[in-house]
S.K.: 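Below is the structure I would like to discuss, written out as structure tokens.
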There are 2 protein chains.
Amino acid sequence: MIYCVEDDGSIRELIVYALKSNGFDAMGFADGKEFFSRLKEQTPSLVLLDIMLPGEDGISILRHLRSNPDTRKVPVIMLTAKSSEFDKVTGLDSGADDYVTKPFGVMELISRVRAVLRRSEQSYDSGELVMDQLHLNPQKHIVTVKGKEVVLTFKEFELLKCLMENKGIVFTRDKLLETVWGYDFEGETRTVDVHVRTLRQKLGECGNLIETVRGVGYRIGGNQ
Amino acid sequence: MIYCVEDDGSIRELIVYALKSNGFDAMGFADGKEFFSRLKEQTPSLVLLDIMLPGEDGISILRHLRSNPDTRKVPVIMLTAKSSEFDKVTGLDSGADDYVTKPFGVMELISRVRAVLRRSEQSYDSGELVMDQLHLNPQKHIVTVKGKEVVLTFKEFELLKCLMENKGIVFTRDKLLETVWGYDFEGETRTVDVHVRTLRQKLGECGNLIETVRGVGYRIGGNQ
DNA sequence: CATTTTACATGTAAAATCTATGTAAAATCC
DNA sequence: GGATTTTACATAGATTTTACATGTAAAATG
């Protein structure tokens with residue numbers, strides 16, 4: 001989900017439309033107030049933020065986002081009209097991940113959105129594991145799908161964590177039993193399969209992120 | 001080591017100076033020719049690439065880099081003078097990791113360099129087997145031909161891995177049955193041949209990398 | 001020497017067989 | 001009582017077998 005905060009209605013509509021037609025979920029807001037009230041409902045995977053806004057300006061909103069633990073890591077792309085504004089965000093010291101100068105082409109915007117998302121999906125410094133719409137926070141012991149919490153049991157959580165910590169790498173059932181269960185097992189067991197099933201079920205739309213590699217084991221994020 | 005390809009001497013000097021004074025090793029080149037001849041000596045950890053260059057342009061250089069297995073994974077940041085979105089989009093889609101529009105602030109550039117390097121350090125190689133356009137990653141259990149994933153079954157994968165791990169060495173059918181299948185077989189079986197066939201088929205253009213050595217067995221990379 | 005024959009080796013499509021996985025439901029463990 | 005594991009079975013998909021076509025080196029023949 002991408003949020004766009006922009007006071008000019010026609011630009012806002014244009015951006016939201018462009019994002020949607022490029023396969024993103026998107027939502028527009030005219031000012032910081034609207035935006036923050038929605039933010040409580042669902043944390044987006046990216047925010048497009050105009051600098052000049054009625055009420056609280058973009059820079060201030062950005063600081064707000066960065067100071068809240070829940071939104072600290074949400075990538076932000078700033079939209080700037082003047083090059084004087086541009087100066088404020090250059091150096092990226094304000095903590096924006098990228099910026100686009102108006103007037104901008106739609107395709108340029110989409111490209112930058114993609115680039116920033118690609119980056120943010122890979123970087124996991126504060127421990128939060130991210131994979132598309134699927135987030136796992138080891139410290140908080142919380143998993144969310146599209147921003148909504150999913151309640152997992154201990155084994156389910158550990159299993160998912162193990163896979164997400166090793167994005168792209170296939171784990172055999174034996175290896176999983178060893179790392180997640182601590183077994184040093186011999187013989188048959190369908191335990192892993194059953195847990196994968198419940199996981200997939202609980203993760204809903206994100207369930208298919210767990211790939212089966214036939215004859216080998218399971219993997220998450222094969223294309224990375 | 002960071003390489004910077006930029007025809008404008010003063011900009012090039014500036015960039016190299018800025019990088020060096022920020023603790024990076026850096027080297028500048030005025031065109032693709034200089035750059036490529038140096039590339040044979042040492043593969044850099046990052047390349048800064050101007051789009052407009054005399055001779056081969058930046059986009060073409062980028063494609064070159066990406067098509068060579070040795071440099072495929074080197075991160076590239078594009079430098080562009082025109083902000084026309086054409087340049088930017090083609091830059092991103094041809095596989096650049098980021099791009100910076102001139103005129104840019106030195107600190108912005110350094111920030112981006114740091115960000116890209118941070119990213120790339122995480123995803124460093126893991127026993128990936130390479131043979132021309134054919135790549136096999138044992139950990140991820142993924143095979144790509146010209147960068148596109150090819151889905152192999154377990155036996156196909158193991159067979160290919162066995163051959164690629166022993167580049168240039170001929171394997172008899174018996175030996176293959178022993179290593180890949182674990183059989184200690186006597187008697188006739190066409191199993192290997194059938195699997196070689198499906199492999200060759202699935203690998204498409206790279207199928208002919210698997211050579212038949214008549215009367216002996218199969219081999220990959222006979223000329224190495 | 002050129003060619004034909006012979007004897008196998010290999011390629012290939014399709015059928016037959018086998019097995020890994022998904023899944024529901026029961027049993028067992030904290 | 002929920003979490004976890006075991007059991008049991010159906011089935012998609014992988015693997016192997018079969019049967020025949022084609023390729024090829026070397027011997028036999030003209």
Side-chain angles (χ1 to χ4, degrees), chain A residues 141-143 149-163 170-220 222, chain B residues 141-143 149-163 170-220 222:
Chain A
H141 215 270
I142 275 182
V143 169
E149 186 176 348
V150 171
V151 181
L152 298 185
T153 69
F154 180 69
K155 287 287 155 74
E156 285 159 8
F157 187 88
E158 291 299 311
L159 178 58
L160 183 59
K161 191 173 82 177
C162 176
L163 291 173
V170 183
F171 274 70
T172 63
R173 288 161 229 283
D174 282 353
K175 197 82 195 152
L176 285 169
L177 279 171
E178 200 182 308
T179 26
V180 177
W181 276 261
Y183 287 8
D184 196 10
F185 220 72
E186 23 41 84
E188 280 292 302
T189 216
R190 306 300 309 283
T191 304
V192 176
D193 303 57
V194 174
H195 279 265
V196 167
R197 174 178 146 63
T198 57
L199 245 184
R200 280 177 174 156
Q201 221 163 28
K202 288 191 181 179
L203 297 183
E205 289 176 59
C206 286
N208 57 2
L209 290 176
I210 305 177
E211 301 165 60
T212 304
V213 182
R214 210 153 211 280
V216 189
Y218 295 100
R219 170 179 61 189
I220 217 164
Chain B
H141 217 270
I142 274 182
V143 170
E149 185 176 349
V150 171
V151 181
L152 299 185
T153 69
F154 180 68
K155 287 288 154 73
E156 286 158 7
F157 188 89
E158 293 298 312
L159 179 58
L160 182 60
K161 191 172 82 176
C162 176
L163 292 173
V170 185
F171 274 70
T172 63
R173 285 157 231 279
D174 282 353
K175 197 80 193 154
L176 284 170
L177 278 170
E178 201 181 308
T179 25
V180 177
W181 276 261
Y183 288 6
D184 197 9
F185 220 72
E186 23 39 87
E188 281 291 303
T189 224
R190 306 302 311 284
T191 305
V192 176
D193 303 58
V194 172
H195 280 266
V196 166
R197 172 179 147 63
T198 57
L199 245 183
R200 281 178 173 155
Q201 216 164 32
K202 288 191 181 178
L203 297 184
E205 291 176 58
C206 286
N208 56 3
L209 290 177
I210 305 177
E211 302 164 58
T212 305
V213 182
R214 203 153 218 281
V216 190
Y218 296 101
R219 170 179 62 186
I220 217 165

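Proteins get letters first, then strands, A, B, ... in listed order; numbering begins at 1 in each.
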S.K.: OP1 or OP2 of C/dA9 sitting under 4.0 Å from any side-chain N/O of B/Thr212?
M.R.: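 So the side-chain polar atoms of B/Thr212 never come under 4.0 Å of the phosphate oxygens OP1 or OP2 of C/dA9.
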S.K.: On DNA chain D, compare the nucleotides closest to A/Arg190 and B/His195; which residue's is nearer the 5' end?
M.R.: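 Result: A/Arg190.
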S.K.: Crowded around B/Lys202 NZ? As in, over 12 foreign heavy atoms under 6.0 Å?
M.R.: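 Above 12, so yes.
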S.K.: Let me know the distance between CD1 of B/Ile210 and C1' of C/dT10, rounded to the nearest Å.
M.R.: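 Those two atoms, CD1 and C1', are 14 Å apart.
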S.K.: Given C/dG22, is OP1 or OP2 found less than 4.0 Å from the side-chain N or O atoms of A/Arg200?
M.R.: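 Checking C/dG22 against A/Arg200, a side-chain N or O does come within under 4.0 Å of OP1 or OP2.
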S.K.: Mind calculating the distance between CG (B/Leu199) and P (D/dT16) to the nearest angstrom?
M.R.: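 Interatomic distance, CG of B/Leu199 to P of D/dT16: 13 Å.
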S.K.: What contact category does B/Val194 fall into here, base, sugar-phosphate, or nothing, at under 4.0 angstrom with non-hydrogen atoms?
M.R.: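 If one applies the 4.0 Å heavy-atom cut-off, B/Val194 turns out to touch a base.
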S.K.: Counting only heavy atoms from other residues, nucleotides and ligands, does the tally under 6.0 Å from NZ of A/Lys155 exceed 12?
M.R.: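 Yes.
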S.K.: Rounded to the nearest Å, what distance is computed from the CZ atom of residue A/Arg197 to the C1' atom of nucleotide D/dA3?
M.R.: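 Rounded to the whole Å, the gap is 15 Å.
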S.K.: Which residue, A/Asp193 or A/Gln201, contacts DNA chain C at a nucleotide closer to its 5' end, judged by nearest heavy atom?
M.R.: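 Checking each residue's closest nucleotide, the 5'-ward one belongs to A/Asp193.
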S.K.: Between B/Glu156 and B/Thr153 (side chain of the first, backbone of the second, donor and acceptor by atom type, cut-off under 3.5 Å), is there such a pair?
M.R.: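 Yes: the side chain of B/Glu156 pairs with the backbone of B/Thr153.
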S.K.: Quick one: is D/dT5 close enough that its OP1 or OP2 comes under 4.0 Å of any side-chain N or O from A/Thr189?
M.R.: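 Checking A/Thr189 against D/dT5: no side-chain N or O falls below 4.0 Å of OP1 or OP2.
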S.K.: With sugar-phosphate meaning primed atoms plus P, OP1 and OP2, does B/Val213 contact a base, only sugar-phosphate, or nothing at under 4.0 Å between heavy atoms?
M.R.: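 It contacts sugar-phosphate atoms only.
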S.K.: In whole angstrom, what separates A/Trp181's CH2 from C/dC29's C1'?
M.R.: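 So the CH2-C1' distance, A/Trp181 to C/dC29, works out to 15 Å.
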S.K.: How many Å lie between CD on A/Glu156 and P on D/dT4, as a whole number?
M.R.: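 A/Glu156 atom CD is separated from D/dT4 atom P by 6 Å.
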S.K.: Picking from C/dT10, D/dT4, C/dT23, which would you name as closest to the side chain of A/Thr153?
M.R.: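 My answer, after comparing the listed nucleotides, is D/dT4.
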S.K.: Counting just side-chain N and O atoms, does A/Tyr218 come under 4.0 Å of either OP1 or OP2 of C/dG22?
M.R.: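 Yes, because at least one side-chain N or O of A/Tyr218 sits under 4.0 Å from OP1 or OP2 of C/dG22.
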S.K.: In this structure, how many angstroms lie between the P atom of C/dG11 and the CD atom of B/Glu211, rounded?
M.R.: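 After rounding, the reported distance stands at 12 Å.
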S.K.: Indicate the atoms forming the closest heavy-atom contact of A/Tyr218 with A/Thr212, along with that distance.
M.R.: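 Reported closest heavy-atom pair: CE2-OG1, 3.5 Å.
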S.K.: What is the distance from NZ of A/Lys155 to C1' of D/dG2, rounded to the nearest Å?
M.R.: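 Nearest whole value for this atom pair: 14 Å.
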S.K.: Using modelled atom types only, decide if a donor and an acceptor are shared between the side chain of B/Arg200 and the backbone of B/Ile210 within a distance under 3.5 Å.
M.R.: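 Confirmed, B/Arg200 side chain pairs with B/Ile210 backbone.
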S.K.: Indicate whether OP1 or OP2 belonging to D/dT6 is found under 4.0 Å from a side-chain N or O atom of A/Thr191.
M.R.: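 Answer yes for this pair, as a side-chain N or O of A/Thr191 is under 4.0 Å from OP1 or OP2.
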S.K.: I need the CZ-P distance between A/Arg214 and C/dT19, as an integer number of Å.
M.R.: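 Answer to the nearest Å: 12 Å.
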